Amino acid sequence: MRESTLRIMARIDALYLEDPCSGSRRMVDYLAREGIPISRDRVRNLMRRMGLRAIYQKPRTTVPGEPSERFPCLVDLKEVTEVDQVWATDITYIPLRKGFSTWWPLWICSPARAQLETFQQP
């Protein structure tokens with residue numbers, strides 16, 4: 001890698017530490033004010049190579065509804081009289097470097113105690 005590119009990367013890193021909300025467009029403006037002519041594509045590629053991403057508020061695509069719209073619990077736990085009468089489960093996706101893993105907890109509700117068994121994908 002050229003020395004001029006390393007100097008630009010060091011300056012991008014310093015500017016990013018001052019303002020982590022700046023993306024490639026604002027970074028080009030900052031560099032232009034300092035007299036460094038550089039294209040937005042090159043700044044974007046250098047930021048991607050350095051692992052820098054602008055911090056901004058992401059859109060909230062999942063907004064919970066009103067409490068009256070949520071699904072109520074259909075099981076009255078006071079009426080559970082036998083073991084294995086009520087089961088509850090959940091699936092959680094755990095991101096990994098290459099792909100993901102799943103975790104499936106299984107709750108077996110009994111009158112005396114709640115029991116938790118987990119099954120994890122190999």
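All residue numbers refer to positions in the sequence shown, counting from 1. All of these numbers come straight from a predicted model, not from anything done at the bench.
For Arg25, there are no salt bridge (Lys or Arg N to Asp or Glu O under 4.0 Å) partners, not counting sequence neighbours. Residues meeting the side-chain hydrogen bond (donor to acceptor under 3.5 Å, both in side chains) test with Arg42, sequence neighbours left out: Thr5. Partners of Glu34 by salt bridge (Lys or Arg N to Asp or Glu O under 4.0 Å), not counting sequence neighbours, listed by chain and number: Arg11. With sequence neighbours excluded, no residue satisfies salt bridge (Lys or Arg N to Asp or Glu O under 4.0 Å) with Asp13. Scored by the side-chain hydrogen bond (donor to acceptor under 3.5 Å, both in side chains) test, Ser24 finds Arg40 as partners (sequence neighbours excluded). A search for side-chain hydrogen bond (donor to acceptor under 3.5 Å, both in side chains) contacts involving Arg7 returns nothing, not counting sequence neighbours.
Of all heavy-atom pairs spanning Cys21 and Ala54, the tightest one is O-CB, 3.8 Å.
Pairs passing the side chain to side chain donor-acceptor pair (under 3.5 Å) check and including a residue from residues 43-57, sequence neighbours excluded, read Asp41-Arg44.
Other cluster members for Leu52: Met1, Leu6, Ile8, Met9, Ile12, Leu15, Tyr16, Met27, Val28, Tyr30, Leu31, Ile36, Ile38, Val43, Leu46, Met47, Met50, Ile55, joined by side-chain heavy-atom distances under 4.5 Å among Ile, Leu, Val, Met, Phe, Trp and Tyr.
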